[in-house]
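Encoded as C-alpha cells, the structure appears first; notes follow it.
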Number of protein chains: 2
Amino acid sequence: MRIKDIAKLAGVSPATVSRVMNNNGYVKDEKREAVLKVIKEVDYQPNSIAKSLKNQKSHMLGVIVPKISTETASRVVSGVTEVAKAHGYQVLIANTDLDIEEEINYLKFLSNKSVDGIVMMGTEITDRHLEVMDKLTVPIVILGQEVFGYTSIIHNDYEASYQMTAYLISQGHKAIAFIGVSEKDKAVGVIRKNGYLDCIKDHGLEVDEELMAIGDFDIDTGYQMMNKVLEKKIPTAVYAVTDHLAIGATHALLDKGYRVPEDVSVVGIGDIKLAEYLNPPLTTVHYTFKTSGKMAAEVVFDLIHRVRTKGECLMTTFELKKRASVKNIR
Amino acid sequence: MRIKDIAKLAGVSPATVSRVMNNNGYVKDEKREAVLKVIKEVDYQPNSIAKSLKNQKSHMLGVIVPKISTETASRVVSGVTEVAKAHGYQVLIANTDLDIEEEINYLKFLSNKSVDGIVMMGTEITDRHLEVMDKLTVPIVILGQEVFGYTSIIHNDYEASYQMTAYLISQGHKAIAFIGVSEKDKAVGVIRKNGYLDCIKDHGLEVDEELMAIGDFDIDTGYQMMNKVLEKKIPTAVYAVTDHLAIGATHALLDKGYRVPEDVSVVGIGDIKLAEYLNPPLTTVHYTFKTSGKMAAEVVFDLIHRVRTKGECLMTTFELKKRASVKNIR
DNA sequence: CTGTTAGCGCCTTCAT
DNA sequence: ATGAAGGCGCTAACAG
C-alpha cells in the first residue's frame, strides 16, 4: 500500500495525502477527513525507508556495544532505547563481541547515513578508531572512555576507585590486594588502578606488587588472579575492579578456606543487580549505566539538533554501596 | 559521496560502478580496477537506505523484547545478532518494557518493510497481537510461547518443570512450595505450573494450595511470596519458576532464620549466570537462551528464503543443574 | 561489455 | 488549497 493508492482511494493527489500525514501545509478539512478515513480503514503504514531516503534522516540511532549479553551493556542499551523512543527513534544494535575490526567496520557502516547518530560503548580506543571517527559525518558519543576531541560520557572511575580504597583503609585495612584488568581499557585498566595506587600512597601505605594481579574481565579470571595473589601474600581486603572479578575472588578465598568477610573483605565496582543478594552482599560502587545510556542518547540528540557542540566530556555520578562483604578490623 | 561521483572519478557510468560493487554482470578488468581504486581512495560507502528502497529489502532483522535489560533478553539478542551478522544483516531492537500496546505498535511499524523478518520474545500473546500478526507481510518467529499457526521456538517448560519437581521428590521432599507467576504468561505461568502439579499428582502426593503463591517476575516478589507461604506452612523445599524468584525466596527464608538447604531446599529455572556463584549455588534448569536466539534467527532466515514453511513449533533442550541448594532428606 | 533510462515511495517546490 | 513534477541514491532492464 503506497501513498499513491491512498490518494486514489481518497480521491485526492499524493501530495495532499503527504500533507495530511505530516500535518504540514493547508488541506481543506473535508479532504483531510477523507484521507484520514482511508488511512485508518486500510491501516496504512508509510514506508519508512522511502521517507529516510527523501528526508535524509533515518530516525535511527546506532549503538555499538562490546558484548550485548553483559549486564552493563544491556542496561546502557535500555537507557538508549528509552530516550530514543521518546524522540520517535529506533535503535540499531551493533554487537562487536570485543572485536576491534568489527567495531571499526560498524563505525564505517553506520556512518553512511543509515543512522542519524551513534552511541559507542568504548573499551579500547585505537588510532584506527580515531581515523575512522574523524571522517564520520554523523554525531557520535563515546560512553565509558574519555576521547580527546570527541563527546564522551564517563564514569568517575578515578574518584570511585579512590573512595573505595579509602573506605577499606578507613576500616583498618592495610594489605589491600588489587585485581585489575589490562591497560588497553583506559578507564578500567588504567584509571581505576591509579585511583587505587594514589589512595594507597596518599595514606602513607606501601604499594606492594605482590598484592596486585591483572587479567581479563570474567569471573573465572577473578578466581585465578586471587589464587595467584594468595600464593604470595594473605591480604586483609581485596579490591577487584569489577563485581564479576570480585565474585571470582570471593570463591577463590572460600575454596582456600578463608571466610568472607571475617578473614578477608572483598569489594568490587559496578553494582550488578545481584550484588546485594550475594552472600555476603557485595560492597561495590553503583554506576548508573542505564542513566548513562539515557544521557548518551540525549547528548546525541543535542548534537543532531546542533544545540550542543562536539568535544565535551560529561561525568556521571556514582554511589558507594557499603554492604556486608567488608569487615571493620580497626 | 554518491555512486554518480564515483562514476565520474573513475570515468565510467553509474551502472558500471554498481556492477562492480555487486559483482554482477560483466565489467572489463581495467574498468573494474579503476572503479575499485576510486572506491578505495575515497573510502566510498554505498547508501544503504537507497539500496533498501530499490531492492525492497533492508537487510535488517527486528527483535521485539519485553525488557532488554534482563539477562534472558540480552542473551537472546546476542544469539540473534550473531546469526544476523553471519548473514550480513543488522539488528533493530524494539524494547517494549512489557507494554502490550508498544508491542503491537512495533509489530505494525516493523512490518512496513523496514525489516525483512522479526523475532519476538513472547510473554502474553493477546487477540490483538494475533490480529496484527495476521496482516504481517514479513516472516515472524515467536520465541518462548507456542502460538498456533505461527512459527514458534519454545523451551520445554512442561518437561523441565516436571523433572525439577520429580528431582525434589526423589530427594525425599513432599511439602514442596510453588512460587509462580500470572497465567497471562502461558509458558511460565501455566505450563510450568502444570508440570509441577502433574508431577505432584503422579507421585501420589497431595496438591496443597497453601504451599502455592503467584506473583510477578522480580526478586522482591519472590521474597514476598515466600513470606506469604511461610505464614501458613513450612515446606521442606521451594520450587520457584524463575531463578530471580528463587533468590528472593531464599532471602525470605534466611531472614526468617531458616538455613538453605539444611532446613529448606530451593530451586529455580533459567540458570542465570550467577546461579552457580550464589551461596548456596542454585539448583536450576539451564535454558540455552543464546542458542534459542540463534535458532530463532536461523528460522527467520529460512522463512525469508522460503526454505521452510510457516507454522512449525520447535523445541529447545534443557539441562537440570543439580547444585548445593537442594538437600537429600530421604 | 557499457551507458541510458526508469522507477523504488516519499516529500517539496512550483505553478495553478 | 491542491496537483504535477522532479529527485533522494541505487539498480535492473534495455539498447547498443
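Naming: A, B, ... by sequence-line order, numbering from 1 per chain.
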Legend entry - Between P of D:dG9 and NZ of B:K8, the distance in whole Å: 13 Å
Legend entry - Distance-only side-chain donor-acceptor flag, A:D116 / A:Y89, under 3.5 Å: yes
Inset, instruction - Check whether any side-chain nitrogen or oxygen of A:Y44 sits under 4.0 Å from OP1 or OP2 of C:dG9, and answer yes or no. - result: no
Legend entry - Counterpart residues, side chain to side chain contact (heavy atoms under 4.5 Å, CB included), relative to B:L9 (two or more places apart): B:V38, B:V42
Inset, instruction - Classify the nucleic acid contact of A:P14 as base, sugar-phosphate or nothing, counting any heavy atom under 4.0 Å across all strands shown. - result: nothing
Inset, instruction - Look at all strands and tell whether A:S18 reaches a base, only sugar-phosphate, or nothing, counting heavy atoms closer than 4.0 Å. - result: base
Legend entry - A:Q56 side chain near C:dC11 phosphate (N/O to OP1/OP2, under 4.0 Å): no
Inset, instruction - Send over the distance from A:M21 CE to C:dT12 C1', rounded to a whole Å. - result: 16 Å
Legend entry - Atom-to-atom span, NZ of A:K57 to P of C:dC11 - whole angstrom: 11 Å
Inset, instruction - With sequence neighbours excluded, tell me which residues meet salt bridge (charged side-chain N to carboxylate O under 4.0 Å, His left out) with B:K294. - result: B:E82
Inset, instruction - Report yes or no: does B:Y287 contribute a side-chain atom to a donor-acceptor pair with the main-chain N or O of B:T316 at less than 3.5 Å? - result: no
Legend entry - Whole angstrom value for the distance that separates P of D:dT2 from CD of A:E33: 12 Å
Legend entry - Integer-rounded Å distance: C:dC10 P and A:D5 CG: 9 Å
Legend entry - Candidates D:dC10, C:dC1, D:dA4 - which lies nearest the side chain of B:A50: D:dC10
Inset, instruction - When you get a sec, tell me which of C:dC8, D:dA12, D:dT2 is the closest nucleotide to the side chain of A:R19? - result: D:dT2
Inset, instruction - Output yes when at least one side-chain N/O atom of A:N24 is less than 4.0 Å from OP1 or OP2 of C:dC11, else no. - result: no
Legend entry - C:dC11 OP1/OP2 closer than 4.0 Å to side-chain N/O of A:K51: yes
Inset, instruction - Take atom CD1 of B:I6 and atom P of D:dT11, then tell me their distance rounded to the nearest Å. - result: 12 Å
Legend entry - B:T16 side-chain proximity, nearest of C:dG3, C:dG9, D:dC10: C:dG3
Legend entry - Between B:E102 and B:N95: side-chain donor-acceptor atoms closer than 3.5 Å: no
Inset, instruction - For B:S182 and B:K184, indicate whether the former's side chain and the latter's backbone hold a donor-acceptor pair under 3.5 Å. - result: yes
Legend entry - Shortest side-chain distance from A:K54, nucleotide among D:dG9, C:dT12, C:dT2: C:dT12
Legend entry - Length of the CG-C1' vector between A:N22 and C:dT12, whole Å: 11 Å
Inset, instruction - Report the residue (B:G25 or A:K4) whose heavy-atom-nearest nucleotide on DNA chain C is the more 5′ of the two. - result: B:G25
Legend entry - A:L53 CG to C:dT12 C1', straight-line distance once rounded to whole Å: 14 Å
Inset, instruction - Compare the minimum distances between each of D:dA12, C:dC10, D:dG3 and the side chain of B:N55, then state the nucleotide with the smallest one. - result: D:dA12
Inset, instruction - Measure from the side-chain heavy atoms of A:K28 and tell me the nearest of C:dC11, C:dG7, D:dA1. - result: D:dA1
Legend entry - N/O (side chain, B:K31) to phosphate O (OP1/OP2, C:dG3) under 4.0 Å: yes
